[in-house]
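Okay, structure first, notes after.
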Amino acid sequence: MLAVLIGGKTLDAVSTVTVLHLRDDVFESVWLTRTLMETFGRVEGSLITLVFAVIGVAILAESGLAIKRLLPDDWTPDGYPAAFRTTTYIAAGAWYGLLGVHNFLLLF
């Protein structure tokens, strides 16, 4: 599941750097990514964003276990942490992958 997330975010990062390199009329719309790219360079800033995104999604995905431990057993269904983890990793990876494909489509 982590591989899906990393793969999707890597596609997003590579497409962002590629499109920004090839087109002058396109800009990075996310403030944090834009700031990191201006400070550290396009590739390095994009890699830092990738690390932040993976860590953030991993914290969110693993929070399902904390919810299971903190709340009464009757509130969380059986298998809740695993289902929440799977859904979070795969959904985020798919979203980042979709953004990557969208970015590459800007080249055509």
Side-chain angles (χ1 to χ4, degrees):
M1 291 179 297
L2 186 60
V4 171
L5 172 62
I6 292 172
K9 185 58 184 163
T10 300
L11 177 62
D12 178 37
V14 168
S15 68
T16 297
V17 171
T18 302
V19 170
L20 290 175
H21 179 72
L22 296 176
R23 289 196 48 185
D24 293 331
D25 62 332
V26 176
F27 70 97
E28 173 56 51
S29 61
V30 177
W31 173 84
L32 178 61
T33 305
R34 188 173 59 245
T35 303
L36 289 170
M37 287 178 161
E38 290 170 358
T39 304
F40 298 104
R42 279 189 187 149
V43 174
E44 295 83 358
S46 190
L47 286 174
I48 293 169
T49 303
L50 186 147
V51 170
F52 283 165
V54 169
I55 290 171
V57 170
I59 289 170
L60 176 64
E62 300 304 326
S63 70
L65 188 58
I67 291 170
K68 176 74 172 170
R69 288 182 180 163
L70 292 174
L71 297 173
D73 286 336
D74 59 342
W75 188 86
T76 55
D78 292 337
Y80 175 79
F84 186 76
R85 179 183 302 124
T86 301
T87 302
T88 303
Y89 279 122
I90 292 176
W95 173 249
Y96 286 130
L98 180 67
L99 289 176
V101 169
H102 175 267
N103 288 343
F104 276 127
L105 291 176
L106 293 173
L107 295 175
F108 301 104

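Every heavy atom of this structure was used, including side-chain atoms; hydrogens, water molecules and symmetry mates were not.
Follow the hydrophobic side-chain contacts under 4.5 Å out from Val101 and you reach Leu22 in the same cluster. Residues Leu47 and Val17 are members of one and the same hydrophobic cluster, defined by side-chain heavy-atom contacts under 4.5 angstrom among Ile, Leu, Val, Met, Phe, Trp and Tyr.
For Arg85, the salt bridge (Lys or Arg N to Asp or Glu O under 4.0 Å) criterion is met by Glu62, not counting sequence neighbours. With sequence neighbours left out, the side-chain hydrogen bond (donor to acceptor under 3.5 Å, both in side chains) criterion links Ser15 to Asn103. For Phe40, the ring pair (Phe, Tyr, Trp, His ring centres under 6.0 Å) criterion is met by no residue, not counting sequence neighbours. Residues passing the side-chain contact (heavy atoms from CB on, under 4.5 Å) test with Tyr80 are Ile67, Thr76, Pro77, Phe84, sequence neighbours excluded. Contacts of Leu70 classified as side-chain contact (heavy atoms from CB on, under 4.5 Å), with partners at least two apart in sequence or in another chain: none. Partners of Asp25 according to the salt bridge (Lys or Arg N to Asp or Glu O under 4.0 Å) rule, which considers only residues two or more places apart in sequence or in another chain, are Arg23. Under the rule for a salt bridge (Lys or Arg N to Asp or Glu O under 4.0 Å), Arg34 has no partner lying at least two apart in sequence or in another chain. Not counting sequence neighbours, the partners of Thr35 by the side-chain hydrogen bond (donor to acceptor under 3.5 Å, both in side chains) test are Trp31.
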side-chain contact (heavy atoms from CB on, under 4.5 Å) evaluation trace for Thr18 with Phe104: CA-CA 8 Å; Thr18 302; Phe104 276 127; 4.0 Å; yes
Step-by-step side-chain contact (heavy atoms from CB on, under 4.5 Å) determination, Leu2 to Val54: CA-CA 8 Å; Leu2 186 60; Val54 169; 4.1 Å; yes
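Applying the side chain to side chain donor-acceptor pair (under 3.5 Å) definition to pairs two or more places apart or across chains, none involves residues 90-101. Residue pairs meeting the salt bridge (charged side-chain N to carboxylate O under 4.0 Å, His left out) criterion with at least one partner in residues 35-61, sequence neighbours excluded, are absent. Contacts classified as salt bridge (charged side-chain N to carboxylate O under 4.0 Å, His left out) and involving residues 93-108 (residues at least two apart or in different chains) are not found.
Residues Val57 and Tyr89 share a closest heavy-atom pair of CG1-CD2, 4.2 Å. Heavy-atom minimum distance, Gly97 versus Leu11: O-CD2, 3.5 Å. When every heavy atom of Leu60 is checked against every heavy atom of Ser63, the shortest pair comes out as O-OG, 2.5 Å. The minimum heavy-atom distance between Leu20 and Val26, with the atom names listed, is CD2-O, 3.5 Å.
The distance from the CE atom of Met1 to the OG1 atom of Thr87 is 9.5 Å, given to the nearest 0.5 Å. Taking NZ of Lys9 as the reference point, atom CG of Leu99 lies at 7.5 Å (rounded to 0.5 Å). The structure places CG of Leu50 at 8.5 Å from CG of Asp12, a figure rounded to the nearest 0.5 Å. Taken to the nearest 0.5 Å, the CG atom of Leu36 stands 4.5 Å off from the OG1 atom of Thr49.
Under a 4.5 Å side-chain heavy-atom cut-off, the cluster of Ile, Leu, Val, Met, Phe, Trp and Tyr residues that includes Val51 is completed by Ile55, Ile59.
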